[in-house]
Amino acid sequence: MDRTFIIIKPDAVEKQYTGKILAHIEKEGFQIIGLRMLQLDRGMAEAFYAVHKERPFFDSLVSFMISAPVVVGALLAPDAVSKWRNLIGATDPAEAADNTIRKLYAESKEKNAVHGSDSDETAKAEIAFFFENGLALRAEN
Ligand code: CMP
């Protein structure tokens, strides 16, 4: 079994899509093994997205990510990283396939409803960013 990390972003939380997105996640066979709602501050958002800090959209992305609460979570499934990326769809919802979470719930390339880790290594680091012990003490079967 593998893990990935997710964020339900401020746009989706504000529109009250959290429950629908979590139900979609469970219907697709993921086990939710960690979940928190919190409001990011600027320092946390800048640190989380540090890899994008030279991008032209960085300041706007950080402002968006601190504009309202987010829900962060960890999911368990075989090939969780690629399975979740397939389920969320393209970054730009206009290019996302039917029935993907971004097609259903996102409004723009920036306000794109959800985040997913891009590799197993990133997933580990992103889970550790938000969860004590990186959920290392959790028994999984
Ligand atoms: P995410 O998967 O969280 O990773 C980086 C985020 O930056 C991405 O989702 C979008 O929210 C945002 N992003 C990526 N490309 C663009 C863009 N061209 N313009 C605005 N925001 C973007």
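Atoms within a ligand are numbered from 1 in the order they appear, just like the ligands themselves. Computed from heavy atoms alone, side chains included, the values below leave out hydrogens, waters and symmetry copies.
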Checklist entry - Quick one: does N112's side chain get under 4.5 Å of E107's, heavy atoms only? => result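 With C-beta onward as the side chain, the pair stays apart.
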
Next on the checklist: Tell me which pairs pass salt bridge (charged side-chain N to carboxylate O under 4.0 Å, His left out) where either residue lies in residues 43-61, with sequence neighbours left out.
Outcome noted: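 Not a single pair qualifies under salt bridge (charged side-chain N to carboxylate O under 4.0 Å, His left out).
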
Item to check | Residue list, ring-ring contact (aromatic ring centres under 6.0 Å, His included) with F5, at least two apart or on another chain | outcome: F48, F130

Checklist entry - What pairs with F57 under ring-ring contact (aromatic ring centres under 6.0 Å, His included), at least two apart in sequence or on another chain? => result H52

Next on the checklist: Tell me whether the count of non-hydrogen atoms from other residues, nucleotides or ligands lying under 6.0 Å of NZ in K124 goes above 12.
Outcome noted: no

Checklist entry - If you count the non-hydrogen atoms of other residues, nucleotides and ligands that lie under 6.0 Å from NZ in K103, is the total more than 12? => result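 Atom NZ in K103 is packed in, count exceeds 12.
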
Item to check | Pocket residues of ligand 1, ordered first by chain and then by residue number (heavy-atom cut-off under 4.0 Å) | outcome: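 Lining ligand 1: K9, Y49, H52, F57, L61, T91, R102, K109, E110, N112, H115.
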
